[in-house]
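Okay, so here's the structure we're looking at.
Predicted, not measured: the structure shown is a model, and the values here were computed from it.
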Amino acid sequence: MSETQPQTVKAVGIEAAADKLTAVCIGPDAGDNTPYTVELVSGEANLPQLIEFIGSLSAKFGGLERLGIAVPGLVHRETKRVALSIQNPEHSDLDLAESIRSAAGITPVIENDANAAAFGEFRLGAGRDSKDMFYATIGHGVGGAFILDGRIWHGAAGFAGEFGYIALNSDGLRLEDVASTENIVRRTRTRFNRDSTSSLNKLPETSIHIGDIIAAAENGDDFAQLMLERTGMYVGTAVATVINLLNIERVVIGGAIMHAQHLVLDAVIKRAQELSFDPSFAGTEIVAGQLGESAAATGAALLAAQT
């Protein structure tokens, strides 16, 4: 069962996303544990920016004892190398830990971002008091992670939990093809001119982003609400697969899309209930994440602290 335990080791976790770096510090003498975020410079190599960011953390957090890094990619369980990263291609087949050790003098724990976020939620967020948990993150990509018997379940090679690759139909349409923020925007633009009453019509079609859709939905825009509810239905379809296969105790939904929490979550729950085996669904709780966009960095810090 997940328990909130006092941290005896000071550790910093970083989420190395495609567009920004976010750091969180936990443990004794952590000081201000407000997430520290910098935007990446577009068009410049990612690794030098990450190393420079790490170099700034000692001054920010008063020392750097343990370091964990959450990356959007497949991390090989044995070698700890990033086997594949679609969002950060330069990390693919890279010994990221060794590159950082050589440049920054500290050896980090490297973990997949969804796994790290799941661990953060399990220990300090919406997964507390559960033993088995599935975590789904809906953002630039769609990821997933399993906590089984209190531990991250990595699978044979370390690549378990690729929730975004669940097929939704016989043509091979995958969840990420419709539920990532980029594809929510794409679907919205495709239907953009079918609803002249939508407040989104006041915006240039090419400039619409996920924040605009969420804001419009929260202001009562029926079209924007429809697009988010359909996203929730897609996610709920895939969640039902997880429930039916594993009879999981708790499902936590996180990521950028949860800024529209109730609109998406209600649709996820409704669709998952429709497609799940009734006794299995009755034993599952589906909730929103509590750590927001600092979940992966927090989880990375927790993983570093326990090594």
Checking [X] side chain against [Y] main chain: does a donor-acceptor pair fall under 3.5 Å?
X	Y	value
Asn46	Ala16	no
Asn112	Phe159	no
Arg77	Gly155	yes
Glu249	Lys131	yes
Gln225	Ala217	yes
Lys10	Gly62	yes
Glu182	His140	no
Arg128	Gly125	yes
Ser276	Asn244	no
Gln49	Val41	yes

Closest heavy-atom contact between [X] and [Y]?
X	Y	result
Ala11	Ala301	CB-O, 3.4 Å
Glu121	Gly292	OE2-N, 4.2 Å
Ala23	Leu57	CB-CD2, 3.9 Å
Ala216	Leu200	CB-CD2, 4.0 Å
Asp212	Ser207	OD2-O, 3.7 Å
Ala267	Glu229	CB-O, 3.3 Å

Residues Thr188, Phe223; criterion side-chain contact (heavy atoms from CB on, under 4.5 Å); working and verdict: CA-CA 9 Å; Thr188 300; Phe223 172 62; 3.7 Å; yes

Are any of the side-chain heavy atoms of [X] and [Y] separated by less than 4.5 Å?
X	Y	result
Phe163	Thr241	no
Val264	Val235	no
Ile138	Thr181	no
Ile54	Leu64	yes
Leu226	Arg191	yes
Ser99	Leu47	yes
Leu246	Phe146	yes
Leu303	Ile152	yes

Using 0.5 Å steps for rounding, measure from the [atom1] atom of [X] to the [atom2] atom of [Y].
X	Y	atom1	atom2	value
His209	Leu203	NE2	CG	8.0 Å
Arg186	Ser180	CZ	OG	8.0 Å
Tyr234	Thr237	OH	OG1	8.5 Å
Leu263	Leu228	CG	CG	6.0 Å
Leu67	Thr307	CG	OG1	10.0 Å
Lys80	Leu96	NZ	CG	13.0 Å

Heavy atoms from other residues, nucleotides or ligands near CD of Glu274 exceed 12 (cutoff 6.0 Å):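 Yes, CD of Glu274 has more than 12 neighbouring heavy atoms, counting only those of other groups under 6.0 Å.
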
Greater than 12 external heavy atoms within 6.0 Å of Glu98's CD: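 Enclosed: over 12 neighbouring heavy atoms sit under 6.0 Å from CD of Glu98.
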
Same cluster (ILVMFWY, side-chain, under 4.5 Å), [X] and [Y]:
X	Y	value
Ile51	Ile106	yes
Leu84	Tyr165	no
Ile257	Met233	no
Leu245	Phe134	yes
Val251	Met258	yes

ring-ring contact (aromatic ring centres under 6.0 Å, His included) between Tyr135 and Phe122, intermediate numbers included: CA-CA 9 Å; Tyr135 175 80; Phe122 178 72; over 10 Å; no

Stepwise side-chain contact (heavy atoms from CB on, under 4.5 Å) test for Val178 and Arg230: CA-CA 9 Å; Val178 289; Arg230 286 189 174 176; over 6 Å; no

Donor on one side chain, acceptor on other, Glu218 and His262, under 3.5 Å: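 His262 and Glu218 do not have a side-chain donor-acceptor pair below 3.5 Å.
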
Side-chain donor-acceptor contact under 3.5 Å, Arg123 with Thr298: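 Note: Arg123 and Thr298 side chains miss the donor-acceptor criterion.
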
Pairing of Asp132 and Arg250 as salt bridge, 4.0 angstrom limit: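 No, no charged N to carboxylate O under 4.0 Å.
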
Parallel, tilted or perpendicular: ring planes of Tyr36 versus Phe53, cut at 30 and 60 degrees: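 Because their plane-to-plane angle is under 30°, the rings of Tyr36 and Phe53 count as parallel.
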
Criterion side-chain contact (heavy atoms from CB on, under 4.5 Å) on Val142 and Asn183, from CA distance to verdict: CA-CA 11 Å; Val142 176; Asn183 281 307; over 6 Å; no

Residue pair Asp19, Leu40: steps toward the side-chain contact (heavy atoms from CB on, under 4.5 Å) verdict: CA-CA 5 Å; Asp19 58 345; Leu40 289 171; 5.7 Å; no

Residues Asp221, Ser198; criterion side chain to side chain donor-acceptor pair (under 3.5 Å); working and verdict: CA-CA 6 Å; Asp221 188 299; Ser198 173; 2.9 Å; yes

Partners passing side chain to side chain donor-acceptor pair (under 3.5 Å) against His259 (at least two apart in sequence or in another chain):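 Counting only residues at least two positions away or on another chain, His259 forms a side chain to side chain donor-acceptor pair (under 3.5 Å) with Glu293.
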
